[in-house]
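Residues: numbered from 1 along the sequence shown. Atom set for the values below is all heavy atoms of this structure, side chains included, hydrogens, waters and symmetry mates excluded.
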Amino acid sequence: MKTNCKKWKYLLYIIAVMTAFASIPISTQAADLQVRLTESTDKKQETTSDKMNSADNANAPKVIKTSSTGTKVSPRGEALTAFTKSLMVLQPQIQPESTLVMAKVNEYVNIRLEANQESEKVGVLYKDCGGDILEKNDEWTKIKSGDVTGWIRNQYLYFGKEAEELAKDVGVLTAYSETETLRVRKEPSLDAGIGGLLADGQAVEAISEEGDWVKVSYEGETGYVAAEYVRVEFGIDTAETMEAVLARQEAERKRAAADAEARRVQQKEAVMASASELEILAALIQCEAGGEPYEGQVAVGAVVMNRVRSGGYPNNITDVIYASGQFVPASGGRMESLILNKTTRASCIQAAQEAINGVCNVGDALHFRRNNGRDGLVIGNHVFW
């Protein structure tokens with residue numbers, strides 16, 4: 001009867017120890033506690049087992065195992081250790097939070113020096129561009145993207161998985177050659193034909209990594225390079241500094257101005273004209289722009305020639321100039337006087353000839369008048385549109 005009571009006490013003790021141990025968080029301290037509990041439990045097991053063995057079977061051998069640290073471990077101690085290890089395996093692994101952010105905009109968002117809407121702009125983060133989180137609060141996030149470090153409001157950024165998924169969609173794989181001369185094969189084989197060569201450090205777009213080969217885009221064609229001779233990197237576009245933004249905008253402004261100038265000053269198809277038509281156009285130019293710089297004189301002649309080429313006006317110089325209500329000098333007798341007296345200035349005759357030959361400095365303008373603030377191209381005292 002006494003032996004049975006001792007068995008029950010022993011079993012209850014083991015259950016209590018295991019329950020208490022399972023409720024303790026798995027940590028270094030818990031592991032230390034496990035060792036102490038195991039040692040204490042093993043000692044009690046040895047004493048109890050001796051008594052039980054002497055009472056039940058005096059000839060039965062004792063089975064006591066020794067751990068790698070020299071501590072005696074009983075079968076029940078082994079079970080407790082195994083149970084503890086299983087708990088540690090089941091403990092979820094905490095993954096570090098991603099520091100990637102991507103722009104959540106249709107065009108761009110400003111990056112500011114401080115977490116304040118009125119703070120100085122230090123850069124611009126465009127759609128499909130990203131960076132790394134340096135600091136974050138409830139409303140703003142400080143990021144580093146390319147050469148720009150600053151703050152963006154959280155509402156204009158993607159974080160976590162959303163940022164990672166977008167980066168995968170818009171990012172680019174780039175393969176950098178790490179050998180002096182790298183052959184681009186047409187197929188993933190050393191026996192395949194050579195489609196081109198890459199110098200050391202030269203980069204090409206990588207399409208995919210396929211075992212010992214990297215599939216690349218080379219001069220518009222698909223090719224393969226040996227993986228051991230390239231460094232493949234995944235990248236996304238980054239922010240632009242305000243200095244770079246302003247420089248680019250200035251370059252674009254100059255390019256647009258040059259394009260506009262090219263459209264304004266262009267060589268158009270020459271128009272056949274008689275000597276009398278040359279005199280009529282020259283006389284009109286003198287009446288309308290005799291006091292203007294030469295560029296202004298050519299501009300008046302170019303408007304007349306644009307009308308001749310246009311389907312909305314007569315197709316010859318005389319009819320365009322003498323059309324009702326178009327040019328005041330044509331109905332006042334002044335032009336006829338210049339023609340009859342041969343007093344048309346040489347510059348006006350030259351301007352008329354250039355306009356007939358196709359020189360145009362007003363684009364497709366069909367009208368002009370004294371500059372009164374109307375939108376259009378201003379040359380001298382006239383505005384052309």
Side-chain angles (χ1 to χ4, degrees), residues 246-385:
L246 295 175
R248 178 175 50 77
Q249 289 176 344
E250 177 63 16
E252 290 175 352
R253 186 193 66 77
K254 290 181 178 180
R255 184 167 58 252
D259 291 344
E261 180 67 10
R263 289 193 299 271
R264 182 181 73 84
V265 182
Q266 56 185 302
Q267 182 68 33
K268 295 190 175 182
E269 183 181 357
V271 174
M272 293 297 294
S274 64
S276 61
E277 286 183 314
L278 173 61
E279 290 180 333
I280 291 172
L281 181 56
L284 175 68
I285 290 173
Q286 180 163 327
C287 291
E288 293 282 11
E292 295 294 311
Y294 182 72
E295 183 183 13
Q297 294 175 4
V298 173
V300 169
V303 167
V304 173
M305 299 313 300
N306 280 346
R307 290 190 180 191
V308 171
R309 296 185 187 95
S310 170
Y313 294 88
N315 60 2
N316 63 82
I317 295 172
T318 301
D319 289 346
V320 165
I321 291 176
Y322 285 103
S324 177
Q326 297 303 308
F327 298 101
V328 174
S331 60
R334 173 64 178 156
M335 286 175 52
E336 284 75 8
S337 175
L338 291 173
I339 294 171
L340 289 173
N341 297 321
K342 305 292 183 180
T343 54
T344 304
R345 296 174 188 171
S347 64
C348 295
I349 295 173
Q350 182 179 344
Q353 186 64 68
E354 286 203 51
I356 290 171
N357 290 342
V359 174
C360 178
N361 60 353
V362 293
D364 295 325
L366 297 171
H367 309 275
F368 71 91
R369 63 175 300 166
R370 296 289 296 179
N371 184 14
N372 61 351
R374 180 187 177 92
D375 290 338
L377 173 64
V378 176
I379 299 177
N381 293 307
H382 288 117
V383 57
F384 298 81
W385 74 95

Engineer: Quick check for you: to the nearest 0.5 Å, what is the distance between L284 atom CG and I321 atom CD1?
Structural biologist: 4.5 Å
Engineer: Looking only at heavy atoms, what is the nearest atom pair of A289 and V300, with distance?
Structural biologist: CB-CG2, 3.8 Å
Engineer: If you measure from CD on E279 to CD1 on I339, what distance do you get to the nearest 0.5 Å?
Structural biologist: 6.0 Å
Engineer: Under the side chain to side chain contact (heavy atoms under 4.5 Å, CB included) rule, collect the residues that match up with T343, sequence neighbours excluded.
Structural biologist: L338, N341
Engineer: Measure across I285 and G301 and return the closest heavy-atom pair with its distance rounded to 0.1 Å.
Structural biologist: CD1-CA, 3.9 Å
Engineer: A side-chain contact here means heavy atoms from C-beta on lying under 4.5 Å apart; do C360 and M305 qualify?
Structural biologist: no
Engineer: List the atom of A355, the atom of A302, and the distance in Å for their closest heavy-atom pair.
Structural biologist: CB-N, 3.9 Å
Engineer: How close do D319 and P314 get, heavy atom to heavy atom, and via which atoms?
Structural biologist: CB-CB, 3.4 Å
Engineer: Could you measure the distance from the CG atom of N306 to the CZ atom of F384? Nearest 0.5 Å is fine.
Structural biologist: 11.0 Å
Engineer: Should the pair H367 and Y313 be assigned to parallel (<30°), tilted (30 to 60°) or perpendicular (>60°) ring geometry?
Structural biologist: perpendicular
Engineer: Looking at L377 and V362, what are the two nearest heavy atoms and their distance?
Structural biologist: CD2-CA, 3.9 Å
Engineer: Rounded to the nearest 0.5 Å, how far does CG of L278 lie from CD of Q350?
Structural biologist: 11.0 Å
Engineer: Side chains of R307 and Q326: any donor to acceptor distance under 3.5 Å?
Structural biologist: yes
Engineer: Measure the spacing between CZ of R369 and NE2 of H382 and express it to the nearest 0.5 Å.
Structural biologist: 10.0 Å
Engineer: List for me each residue that meets side-chain hydrogen bond (donor to acceptor under 3.5 Å, both in side chains) alongside D375, sequence neighbours excluded, and say none if there are none.
Structural biologist: none
Engineer: How long is the gap from CE on M335 to CD on Q286, to the nearest 0.5 Å?
Structural biologist: 10.5 Å
Engineer: How would you list, by chain and number, every residue that makes a side-chain hydrogen bond (donor to acceptor under 3.5 Å, both in side chains) with N315, sequence neighbours excluded?
Structural biologist: none
Engineer: Ignoring hydrogens and geometry, is there a side-chain-to-backbone donor-acceptor pair from N371 to V378 under 3.5 Å?
Structural biologist: no
Engineer: Looking only at non-hydrogen atoms, find the nearest pair between C287 and R334 and report the distance.
Structural biologist: SG-CG, 3.2 Å
